[in-house]
Structures are given as structure tokens and as C-alpha cells.
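Accompanying notes for the structure given below.
Chain letters run A, B, ... following the sequence lines, proteins first and then strands; every chain starts at 1.
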Amino acid sequence: MPPNAQSAPFDFIRETVAADVAAGRYGGKVVTRFPPEPNGYLHIGHAKALGIDFGVAADFGGRCHLRMDDTNPAREEAEYVEAIKEDVRWLGWDWGEHLYFASDYFGKMIEHAERLIEDGRAYVDDLTADQIREHRGTLTAPGRESPWRNRSVAENRELFRRMRAGEFPDGSRVLRARIDMAHPNLNMRDPVMYRILHMPHHRSGDAWCVYPSYDWAHGLEDSIEGVTHSLCDLDFENHRPLYDWFLDQLGVHHPRQIEFARLNISYTVLSKRRLMRLIEEGRVTGWDDPRLPTLRGLRRRGYTPASIRRFCAEIGITKTNSLTDVALLEHGLREELNLTAPRAMAVLDPVRLVIENYPADREEELDAVNNPEDPAAGTRKVPFCRELYIEREDFREDPPKKFFRLAPGREVRLRYAYLVTCTGVVKDPATGAVRELRCTYDPATRGGDAPDGRKVKSTLHWVSARHAWAAPVRLYDRLFTVERPDETATDFMDALNPASLEERVAQAEPGLRGAAPGARFQFERKGYFVADHADSAPGAPVFNRIVPLRDTWARIERAGQAD
RNA sequence: UGCCCGAUGGUGUAAUGGUAGCACAACUGACUCUGGAUCAGUUUGUCUAGGUUCGAAUCCUGGUCGGGCAGCCA
């Protein structure tokens, strides 16, 4: 059952599937598949497809297969197979027993191809790749038939046998379907079914030297597995007539192909080619760089599987090319983490604050709430002493109008601690930079409340200088500075955000030292962070900023309303 | 000058001949020991011209605009 069956309307795919089920087509069964080519890592665009493939199957009580579409040994590697399985599992999808490989069907595909040859619907062509292209015609002009198009069945049968036997070099001949060289859809102009490739395959080894092309293979893969609904992206819309033609010729089980628009997200790129370039040119550290929209990147960044699945459900399914605002992804993540992430205090850009009337040798522990959204999360103790760190940006010597934070003579609250009043600023005589802030505290305000009921306009986070530890943090920002890097006039690499990664050493509260890899926190007033699972060591976590908190002050300042 | 597909606020979508709704974003205000969260509210939309109809985002026709297609990639 759809989780939101009452409120949410069916998308056009579910409507079609529902109609097929109601009509008893395919015996009322629903079988889908997710068919990645194992030649790269999955990204959030695949997460959308995964959500559709597995989601539709689940909604109709059917099943979804995970199928490696490994028909091209030149591009694929076993390494990716495991990575893909891991990423799909991480997202929370379960293919059960149904893990398949297109390469396992090579034998059956050959048998089907031989039938087409016998029926006069396929022929061996001796033309070169260039000649085939030339014969194909253009978008507006019909193609020309190959001189080899009318070979006898016997000759085709024999030539194809010899192709498979390895008697011909790569590229010397292909097997083509015999359809219509004048067809208005170029995909129907005698498409290539098999090419010769003397190359070992990651699974079938040296068993084959001819490999099937996508159009020939894909429908058969679906058919063999009993898939009922073959869901794919818009790129394959023009291929559907061919998908249907092959299956009709063979008279085998014939799934229905339905296309939907692929995902695009602002401020990033999702094409395998472009992701590859970012990695190869060293602009990011690898497939799991936290700035990348790869599933591995998002995982390392700290995104939760639930937030990604939620996002994929929220964006809907249509045939319209669109660009989804990355803010929607971030919003879902914040919504989840606000409820679940324990709070902690860490100062990202520390400046020393000395409380002049607090005894130098005194220390105390104050109670801090772990998660105001979740009482069950309890409280913790945070140490306090005469010398603290606060954020440099939380002090202004000459505060603009709407700046509520610390300034000379102004009183603010230190979260869960005391009200303090700024009494002085110590500056570097040479540069004028603020070196240290001097304050006094009101002992009667322990815990943060004033007995006389007086209010302060601001509450700051802080850490005890004596107890804090130096925590490496990475502040990630969007990888590109423009919404559509793909459409950069010159090269998308020119739109890279030079500040997509800022590494800092924060001063963090002691408890954070024990953060387990993968543990997520809200650093109060700053954002959500995760202990990096690759670079953290026991007792020495490294934090990645997942997403900053909504920052109203920054917006006011940016709008120039501060003065 | 071929074939296929698409067009609803800034963005993503819903409405399946009957009040154009939701989410994000933006903006107001309230509240707040996170300028977070929460709460209340505001702004912004059916590409166009005809037609059918009591009634059209929806159906029909023409146009406009946008996307895709000429791998022995998938």
C-alpha cells in the first residue's frame, strides 16, 4: 500500500500501472527493475530512479530486481558492482533474491538473435562504423541500405557463427536488425545488435567476443526476468519503438516501457562524465567527496538515507524537464536532524573571552539540554571557567542597528551559563584585530536566567578554554556558484565555487571528543555536523558540516538592512 | 527543415470537465535560553489564438517556446 494512499495522488506512472493491474494485464502482477551499468558510482539521480522502481513495486505488492546492465566489457568493472549494491542497500532498498546480471543472459540472447536471422530480420553487415553512420542518413533525410543487407539467411547464419567464433577482428562486422532505413525514427534504421569485441568481461571472462548493444539487450533482459513495467528516463523515449519491435518479432513476454524525466538539482552536476572530470582533475578528492551528489558523497557529508528518500518522494514524477532547488533536499535534512540530532557547542572561529570577576581557579559544571525537541534525550554537563571562547562574529565593537549580540557595555546570555556584560576589548596593537574580550558576569544568573526577570536580546554558544579541544572541521558549501553549471557559457568547471571547502580547527566541548564515526550533531547556532567515517580516529573525530542552520541574521546583513 | 516529448507562482508539483491546492523559497509579525525550531499571515501561476461546453489548466485545432534523437555507449 502506498504510505500516503489517501492524501497523495498517483503519479502518471502509478496510474498506468494501476490501470494495468485493474485490467488484469500481466496477470495483475507488478515487477520492476533498477538496471545500473556497473561503470561508475550511483548519485542522487539514481536515488530518484530507485525510489520509483522500488517504490512502485512496493506500492503494488510486486518486486523490484537489481540488475547489473553489464553488456559492455570495455567500460565495466566488478568493483562497481559491490559499490552499487552497497549504496542501494544504504538507501534502504531491498532486492531480496533478485540480483541479476545481463551478462548471464548472453546465451539466450544469441539464440534469439539466431531466430531473427532465420526469419530474415537480422543480417551481418561488413560496413565500417563510419560507413554505417554515413548510410544512416540524417534527421531529415532517409538512410541508404547497406550492400550487405540482402544476404541469404544461410550466409548470415554462417557469418554470425564465425563472428562468435572469433574469426573476425574488432569492428569488422556487426549484426544488425533489418527494419527500415527510411524510418523517421533513426533508432529504427537497422540498429546494431552485436559488435565484435575481443575483450574479457568482468563476469563471463573470455566466453564471448560479440557483445549485445543496449537496444537489443535491454528488452530481452526485462522479458527474461518477467518484468512488467520497465521504468526509465526520457532518453529512452525514442528507443521505445525499437524495444517494442524486438519483443514483438520474438513473440516473447513484453513489458511496458514508461519514461520519466531525470532529476536535476541546482548548484551541482549529475552526469557521470562531469563527475568523473571533477575527480580526474582533482577538483574533489574522489567519488566520496562530501561535496559530490554521489550517494557515497552524500553519505560522507552526513545526509541520512531517510532524507534522500523523502526528497525523492517529494519531487514527484513527470515528463517535464526541470531543475529542483537543492534547498528542498536541505530542508528535509534539517527537518529530520532538528528532531534527532543531539546538540553540542563548538566555536568555529574562536576569540577569547575573559570573565574578570570569575575566580581564576574556579570551575563548575552546568547543565545543558541535549535536544530541546526531544525531552528523552536528557541533559549533559558542560564545564565552565574564567576563560572561554566565543565566535568572533558574535562580537561587534560598533554594532549595527539590528545586531543583538555582544558589544561594549552590552549584556548577553551565555547559553546554559550566565549573563555577561562586555567591559572591554583587547586588540592587537599592530593590526587592530580583536585579541580578547573582557566581561563581567552576574553570579545570580547561573543557568542563564536573571532572578530580577531582566531580558537579554541574545544568547551565545561558548566553550571553556581550559576544557575545550581542537576539533578539525570542514565547512562544506555548494560545489558551484551558479544554479545550472551545465549551462556555463565556457566550461562548467569555470563555475566551481572556490570556497566549497573551508577547513578549520574549532574549539569544541569535551563531550564531542567521543563522537563515533557517523554520529550527527547540531552545533548550536551553527549547523549540523557529522563525524567523518573516513578520517575520524578513536577519540579524535573530524567533523563535516552537513548543512548550516537557517541564518536570519546573515540574511539581514546581506540585504544591507543592518545599518 | 524529419520524428518523439513537454509547457500550472521564483522552484518542484496537484487538480483526470465543476472554488487553481500543496511543498520549498521569499517576505511580515508573534514567540523563543539556538537570529534555530514553532506559530500566524502575505506576495507570486494555468505559454498563445481560436473552438467544443452551462462551465476548460483539463477536450479539439493552429501557433509559440523548450527538450531529446544521426555510438559498433547505456
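For B/G66, the base adopts the anti conformation, since its glycosidic angle falls more than 90 degrees from zero.
Of the candidates A/Tyr418, A/Tyr389, A/Tyr441, A/Phe384 forms a ring pair (Phe, Tyr, Trp, His ring centres under 6.0 Å) with just one, namely A/Tyr418.
Using a 4.0 Å heavy-atom cutoff across all strands shown, A/Arg189 reaches no nucleic acid atom at all. At a threshold of 4.0 angstrom between heavy atoms, the contacts of A/Leu549 include nucleobase atoms, whether or not backbone atoms are also involved. At a threshold of 4.0 angstrom between heavy atoms, the contacts of A/Leu323 are confined to the sugar-phosphate backbone, with no base atom among them. Contact annotation for A/Asp449: base contact, defined as any heavy-atom pair under 4.0 Å involving a base atom. If you check every strand for non-hydrogen atoms under 4.0 Å, A/Gln522 touches a base. Residue-level contact check: A/Asp325 touches the backbone only, with heavy atoms under 4.0 Å from sugar-phosphate atoms and none from bases. Across all strands shown, A/Glu335 has heavy atoms under 4.0 Å from sugar-phosphate atoms exclusively, and none from any base. Heavy atoms of A/Thr140 sit under 4.0 angstrom from at least one base atom. Residue A/Pro548 is out of contact with every strand shown, counting any heavy-atom pair closer than 4.0 Å. Contact annotation for A/Ile315: backbone-only contact, meaning every heavy-atom pair under 4.0 Å involves sugar-phosphate atoms and none involves a base. A/Leu127 comes within contact range of at least one nucleobase, with a heavy-atom separation under 4.0 Å. At a threshold of 4.0 angstrom between heavy atoms, the contacts of A/His461 with the nucleic acid are absent. Among the heavy atoms of the strands, none lies under 4.0 Å from A/Tyr194. Within the 4.0 angstrom heavy-atom criterion, base atoms lie near A/Pro372.
Side-chain nitrogen and oxygen atoms of A/Arg195 include at least one within less than 4.0 Å of the OP1 or OP2 phosphate oxygen of B/A74. Between A/Thr71 and B/A74 there is a side-chain N or O to OP1 or OP2 distance below 4.0 Å. Taking 4.0 angstrom as the limit, A/Arg136 places a side-chain polar atom (N or O) nearer than this to OP1 or OP2 of B/G71. At the phosphate of B/C72, neither OP1 nor OP2 sits under 4.0 Å from any side-chain N or O atom of A/Ser213. Between A/Arg555 and B/A26, a side-chain N or O to OP1/OP2 separation shorter than 4.0 Å is present. Contact check, A/Arg334 against B/U38: no side-chain N or O comes under 4.0 Å of OP1 or OP2. OP1 or OP2 of B/G36 has at least one side-chain nitrogen or oxygen of A/Thr552 nearer than 4.0 Å.
Residues A/Phe521 and A/Tyr528 form no side-chain contact, since every pair of their non-hydrogen atoms from C-beta on lies 4.5 Å or further apart. Looking at heavy atoms from C-beta onward, A/Lys319 lies out of side-chain contact with A/Ile258 at the 4.5 angstrom threshold. At least one side-chain heavy atom of A/Met109 sits under 4.5 Å from a side-chain heavy atom of A/Glu221.
Distances from the side chain of A/Asp551 to the nucleotides B/U13, B/G36, B/G35 place B/G35 closest. Among B/G71, B/A74, B/U1, the nucleotide with an atom closest to any side-chain atom of A/Arg133 is B/G71. Among B/A74, B/G36, B/G68, the nucleotide with an atom closest to any side-chain atom of A/Asn238 is B/G68. Nearest nucleotide to the side chain of A/Glu524, out of B/A74, B/U34, B/A37: B/U34. The side chain of A/Arg75 lies closest to B/C73 when the candidates are B/A26, B/C73, B/U34. Listed nucleotides B/G35, B/A70, B/C24 differ in distance to A/His331; the shortest reach to its side chain belongs to B/C24. Residue A/Leu328 places its side chain closer to B/C24 than to any other of B/C24, B/A74, B/C72. Closest to the side chain of A/Glu237, out of B/C5, B/C69, B/C73, is B/C5. Checking B/C24, B/C72, B/C3 against every side-chain atom of A/Pro184, the shortest atom distance belongs to B/C3. Closest to the side chain of A/Asn185, out of B/C3, B/U34, B/G12, is B/C3.
Remark: ring of A/Trp553 overlaps the six-membered base ring of B/G35 in a stacked fashion, centroids less than 5.5 Å apart, planes less than 30° apart.
Taking atom P on both B/A23 and B/U43, the two are 15 Å apart, rounded to the nearest angstrom. Comparing B/A20 with B/U46, their C1' atoms are spaced 8 Å from each other, to the whole Å. Between B/C27 and B/G36, the distance separating the two P atoms is 12 Å to the nearest Å. Comparing the C1' positions of B/C47 and B/G67 gives a spacing of 15 Å, expressed to the nearest Å. Rounded to whole Å, the C1' atom of B/G12 lies 13 Å from the corresponding atom of B/G45. Using atom C1' as the reference point in both B/G51 and B/A56, the two lie 11 Å apart (nearest Å). The same atom, C1', is picked in B/G68 and in B/U11; the two are 23 Å apart, to the nearest Å. Rounded to the nearest Å, the gap between the C1' atom of B/G62 and that of B/A14 is 29 Å.
Paired runs in RNA chain B that reach 3 or more consecutive Watson-Crick or G-U pairs, where each pair keeps both distances under 3.5 Å, cover B:2-7 with B:64-69, B:10-13 with B:21-24, B:26-30 with B:38-42, B:47-51 with B:59-63.
For A/His239 against B/A74, a side-chain-to-base donor-acceptor contact under 3.5 Å is present. Below the 3.5 angstrom threshold, one finds no donor paired with an acceptor across the side chain of A/Arg525 and the base of B/G35. The base of B/U13 lies outside donor-acceptor range of the side chain of A/Glu314, with no N or O pair under 3.5 Å. For A/Glu373 and B/G36, a side-chain-to-base donor-acceptor distance below 3.5 Å is present, hydrogens and geometry of angles not being considered.
Rounding to whole angstrom units, CZ of residue A/Phe404 and P of B/U34 are separated by 14 Å.
A cation-pi contact, defined as under 6.0 Å to the ring centre and within 45° of the axis, links A/Arg274 to A/Phe492. Taking the ring axis of A/Phe101 as reference, the NZ or CZ atom of A/Arg203 stays within 45° of it and closer than 6.0 Å to the ring centre. Remark: A/Arg396 qualifies as a cation-pi partner of A/Phe403 under the 6.0 Å distance and 45° angle criteria applied to the six-membered ring. Stacking of A/Arg478 on the aromatic ring of A/Tyr267 is recorded, both the 6.0 Å distance cut-off and the 45° axial limit being met.
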Check your understanding: Does the pair A/Asn39 and A/Glu37 meet the rule for a side-chain hydrogen bond (donor to acceptor under 3.5 Å, both in side chains), with working shown?
Key -> CA-CA 6 Å; A/Asn39 73 339; A/Glu37 184 187 15; 3.2 Å; yes
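Both A/Thr320 and A/Leu339 lie near RNA chain B, and the one whose nearest nucleotide falls closer to the 5' end is A/Thr320. The 5' end of RNA chain B is approached more closely, in terms of each residue's nearest nucleotide, by A/Tyr528 than by the other of A/Tyr528 and A/Thr128.
A ring-centre distance under 6.0 Å is found for A/Phe236 and A/Tyr214. The distance between the ring centers of A/Tyr194 and A/Phe160 falls below 6.0 angstrom.
The CD atom of A/Glu145 sits 7.0 Å away from atom CG of A/Asp190, with the distance rounded to the nearest 0.5 Å.
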